[in-house]
Every structure is written in C-alpha cells, then in structure tokens.
Amino acid sequence: LGWGPKDLVTIAGMYADRSWYNLRKSIRGAFQGLLELVFQAAALVIDCLRTFFLIVLSILGPIAFAFSVYDGFQSTLVTWITRYISIYLWLPVADIFSSVLAKLQALMIQKDIAEMAADPNYIPQGTYHFYAHRHCRLFYRTKRGRVDRTGRWHGELWTKCKPGGN
C-alpha cells in the first residue's frame, strides 16, 4: 500500500489509542450500569419500605386517634400524622433527586454540544466512531466532519479520499 515505517508507527499508535479508548469506554459503561442498578435497587427498597410503613401506619391511625382523646395521649395523633406524612414523602423526594440527576446529565450533554459547535477540534468523551477504509484511516466524529490521525480538522483529506477511491 506504500506505507512507510512512519505510517506504520502512526497506525500502531492509532490502534493503541483506540484500544485504550474502548477499554476506558467499557469500564465507564460497566460502572455506569452498576450505579444505575444500585439506584434502581435503592428506589425499589425505598418504595417497598414506604408501602410497608404506610400500611402499618394506616392500621395504627384509628388507634392513635382513639388514644388522643385521653389525657396524656394528646400528642399521639399529631405524632402519627407527622410520621405518615414523612414516610409518604420518601418516594417524591427520591424522584426529585432522580430528576436532578437527569437534569445534570442533560446539561452536560448540552455543554458538549455547545463546545462542539464553537470549536471543531473539541473532542467530547464517548462520541467517536472509528472509520477504517482500505486506503483511508480516519477518525469520524458524528455530524461534525472528519479528523485525521493527529486529531486535526481535514476537510480536504476526506474529499480526496472517498470510500471506493484512492
């Protein structure tokens, strides 16, 4: 193919970089999956405990109301109401935390999009595809253009080196 030693070193470097990137991506994906699993498990545990406590408190509600009539037990109804409301709000608070995390992720994605629009050399984590053709080996950034082996913008290189051509 006419590749010299310098080209082979560059290709080997690209292969090593791609392998390292794929390893980091898979580790990051596994860790993200683990954290999402823990988050879903915590939400399920909170929901189950909340349901159990609300059932118990629903059974004890009339008893607390009956005891609050007698002297010395006036605070039982107020205590029951505060506990019921507190436990009832566990799930909405967990949903608020979930929506805050989702908003943070959306803001991170918007920041990456804004950076990509402002700087064509900006390379966010996790948006690469490796395009390999017999005569051209280029990094391909989705909807952004092509980047050569060194990471520089090369619009002309792509027009000279189309798939199926030289």
Side-chain angles (χ1 to χ4, degrees), residues 1-57 83 85-166:
L1 295 176
W3 289 341
K6 187 176 179 181
D7 293 329
L8 294 175
V9 168
T10 304
I11 290 171
M14 287 174 50
Y15 180 75
D17 288 343
R18 189 177 107 200
S19 299
W20 178 248
Y21 173 76
N22 286 337
L23 177 67
R24 284 189 333 194
K25 182 180 172 187
S26 62
I27 290 172
R28 190 178 302 130
F31 190 66
Q32 179 182 0
L34 176 69
L35 289 179
E36 287 177 0
L37 178 70
V38 168
F39 181 78
Q40 295 297 328
L44 182 64
V45 167
I46 287 173
D47 193 27
C48 289
L49 286 174
R50 173 183 173 260
T51 302
F52 174 74
F53 283 136
L54 288 177
I55 289 171
V56 170
L57 284 173
R83 284 189 184 156
I85 292 172
S86 171
I87 292 172
Y88 185 79
L89 291 178
W90 283 359
L91 195 60
V93 169
D95 289 340
I96 289 171
F97 286 141
S98 174
S99 65
V100 166
L101 289 175
K103 183 65 175 176
L104 287 175
Q105 288 176 341
L107 289 174
M108 288 169 38
I109 290 172
Q110 287 175 354
K111 179 189 165 286
D112 282 345
I113 291 171
E115 289 288 332
M116 287 171 59
D119 183 16
N121 293 325
Y122 178 73
I123 301 173
Q125 294 294 322
T127 59
Y128 297 110
H129 301 290
F130 187 73
Y131 177 78
H133 182 60
R134 192 168 62 119
H135 298 291
C136 325
R137 294 187 183 273
L138 302 172
F139 279 106
Y140 175 75
R141 230 182 315 171
T142 309
K143 296 182 183 177
R144 291 286 300 141
R146 282 85 185 160
V147 179
D148 73 353
R149 300 174 237 211
T150 61
R152 290 191 206 97
W153 178 265
H154 270 276
E156 284 184 30
L157 181 63
W158 180 252
T159 59
K160 291 180 186 174
C161 188
K162 294 181 182 175
N166 286 331

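Residue pairs satisfying the salt bridge (Lys or Arg N to Asp or Glu O under 4.0 Å) criterion with at least one member in residues 40-52, sequence neighbours excluded, are listed as follows: Asp47-Arg50.
In this structure Leu107 satisfies the side chain to side chain contact (heavy atoms under 4.5 Å, CB included) test together with Lys103, Gln110, sequence neighbours excluded. Partners of Ile55 under the side chain to side chain contact (heavy atoms under 4.5 Å, CB included) rule, at least two apart in sequence or in another chain, are Thr51, Ile59. With sequence neighbours left out, the side chain to side chain contact (heavy atoms under 4.5 Å, CB included) criterion links Val56 to Phe52, Leu60.
Distance check: Ile27 CD1 to Asn22 CG gives 11.0 Å after rounding to the nearest 0.5 Å. Taken from CD1 in Ile11 to CZ in Arg18, the straight-line distance is 12.0 Å, to the nearest 0.5 Å. In this structure, Leu49 CG and Leu54 CG are separated by 10.5 Å, a value rounded to the nearest 0.5 Å.
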Counting only pairs under 3.5 Å, give me each side-chain donor-acceptor contact of residues 85-97, with atom names and distances, residues two or more places apart or in other chains.
none

Result block: side-chain N/O donor-acceptor pairs under 3.5 angstrom for residues 29-39, not counting sequence neighbours:
from, atom 1, to, atom 2, distance (Å)
Gln32, NE2, Glu36, OE2, 3.2

